[in-house]
There are 2 protein chains.
Amino acid sequence: MMKNEINFSETENCPVRNILDRFGDKWSTLVILILGNYDTLRFNELQKMIGSISQKMLTVTLKKLETDGLVTRKVYAQVPPKVEYSLTDLGLSLLPKLESLVKWANENMHQITKNRSFSK
Amino acid sequence: MMKNEINFSETENCPVRNILDRFGDKWSTLVILILGNYDTLRFNELQKMIGSISQKMLTVTLKKLETDGLVTRKVYAQVPPKVEYSLTDLGLSLLPKLESLVKWANENMHQITKNRSFSK
DNA sequence: CAGCATCCCGCCGGATACTG
DNA sequence: CAGTATCCGGCGGGATGCTG
């Protein structure tokens with residue numbers, strides 16, 4: 001009955017659960033996707049690009065991504081401050097997987113929207 | 001500077017944002033992954049497999065996935081009731097993308113955990 | 001410019017009890 | 001067995017105001 005050997009059991013030490021918990025938040029994946037498309041962006045540029053994100057959440061999101069080693073933060077010692085963000089190699093290795101999801105989303109969003117409207 | 005033409009602007013009608021919002025919840029992706037590995041499962045089997053999910057959240061999650069047309073629900077008219085869930089073609093088309101993420105998670109979870117511990 | 005601090009609301013999701 | 005119904009706490013995340 002089982003096709004592949006994937007273990008979904010208890011949360012700790014389960015990479016699947018751990019990753020899903022990590023990127024289950026509202027902004028992480030979006031930030032990675034954008035940084036993947038623009039190589040390097042300043043804090044303000046990122047914020048303008050996303051449009052609807054608050055300063056707080058962008059800060060929090062970037063900090064988490066930096067902690068996980070997916071994003072690098074480069075601070076220029078100048079006034080006014082300038083901080084540049086970009087993906088690390090680890091972040092870059094995740095990018096194609098997320099872009100694959102984006103591709104699927106673009107191709108199938110219409111169908112999903114239709115399904116939703118039918119079930120009303 | 002921009003590498004690909006991906007539009008991340010305002011939420012409505014943006015497939016990326018829409019999909020991320022949709023699967024940003026705690027359980028959806030996990031249910032799809034499991035159904036993808038077991039073809040067909042009953043409600044109870046799914047719940048035991050996930051382990052930590054409540055009846056409520058499994059119900060809610062399955063209902064959303066059914067509404068979006070990613071999962072089918074087959075009810076057997078018998079007592080006690082028997083309900084079987086499986087992926088639709090649409091759900092199956094999403095599966096490889098998610099499994100690609102799982103593969104990445106398995107390969108890189110260790111590194112991420114290490115990064116996290118270093119930044120304490 | 002790039003944040004940090006604080007307040008506070010909404011809602012996700014857990015616990016529990018009840019049905020066909 | 002496969003759900004509903006309800007109650008409720010936690011926290012994700014928005015709004016606002018303040019700094020180096």
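Throughout, protein chains are lettered first and strands after them, A, B, ... in sequence-line order, and every chain is numbered starting at 1.
- The stretch residues 47-65 of chain A participates, sequence neighbours left out, in these salt bridge (charged side-chain N to carboxylate O under 4.0 Å, His left out) pairs: A/Asp25-A/Lys64.
- Closest approach of B/Glu84 to B/Tyr76, counting heavy atoms only: OE1-OH, 2.8 Å.
- For the OP1/OP2 pair of C/dC1 and a distance below 4.0 Å, the side-chain nitrogens and oxygens of A/Tyr85 include no atom meeting the criterion.
- By the 4.0 Å N-to-carboxylate-O rule, B/Glu107 lies close enough to B/Lys103 to be salt-bridged with it.
- For the residue pair B/Thr61 / B/Ser28, no side-chain donor-acceptor distance below 3.5 Å is found, with atom types taken as modelled.
- B/Tyr85 and B/Phe43 have tilted rings, their planes meeting at an angle from 30° to 60° on a 0 to 90° scale.
- Remark: of the listed residues B/Leu65, B/Leu70, B/Leu94, B/Leu92, B/Leu92 is the sole one forming a side chain to side chain contact (heavy atoms under 4.5 Å, CB included) with B/Leu87.
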Next item on the list: With side-chain contact (heavy atoms from CB on, under 4.5 Å) as the test, would you mind laying out the steps for B/Met57 and B/Lys26 before giving the verdict?
Entry: CA-CA 9 Å; B/Met57 288 320 296; B/Lys26 201 172 177 181; over 6 Å; no

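- Rounded to an integer number of Å, the gap from A/Leu62 CG to C/dG3 C1' is 11 Å.
- In this structure, the helix from C/dC1-D/dG20 to C/dG20-D/dC1 shows an angle of 50° between the axis at its start and the axis at its end, each fitted on 5 base pairs and rounded to 10°.
- Applying the side chain to side chain donor-acceptor pair (under 3.5 Å) test to B/Thr67 and every residue at least two apart in sequence or in another chain returns nothing.
- Remark: A/Arg73, A/Pro80 in residues 72-80 of chain A come within less than 4.0 Å of DNA chain C through at least one heavy atom.
- A 4.5 Å side-chain heavy-atom check between B/Ile112 and B/Arg116 finds at least one atom pair inside the cut-off.
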Would you tabulate the pairs of protein nitrogen or oxygen atoms and nucleotide nitrogen or oxygen atoms of nucleotides 12-14 of chain C closer than 3.5 angstrom?
unit_1, atom_1, unit_2, atom_2, d
C/dG13, OP1, B/Lys26, N, 3.0
C/dG13, N7, B/Lys56, NZ, 3.1
C/dG14, OP1, B/Lys26, NZ, 3.0
C/dG14, OP2, B/Ser54, OG, 3.4
C/dG14, O6, B/Lys56, NZ, 2.1

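- A 4.0 Å heavy-atom criterion places the boundary nucleotides of DNA chain D facing chain B at D/dC1 to D/dC7, written 5' to 3'.
- A donor-acceptor pair is defined here as one N or O able to donate and one able to accept, closer than 3.5 Å; such a pair exists between the side chain of A/Asn37 and the backbone of A/Leu33.
- Residues A/Leu98 and A/Ile32 form a side-chain contact, since some pair of their non-hydrogen atoms from C-beta on lies under 4.5 Å apart.
- A sub-4.0 Å separation between OP1 or OP2 of C/dA2 and a side-chain N or O of A/Arg42 is present.
- With no hydrogens or angles considered, a side-chain donor-acceptor pair links B/Thr72 and B/Ser86 at under 3.5 Å.
- Note on A/Val75: it does not cluster hydrophobically with A/Val79, by side-chain heavy-atom contacts below 4.5 Å among ILVMFWY residues.
- To the nearest angstrom, C1' of C/dC18 lies 11 Å from CD of B/Gln55.
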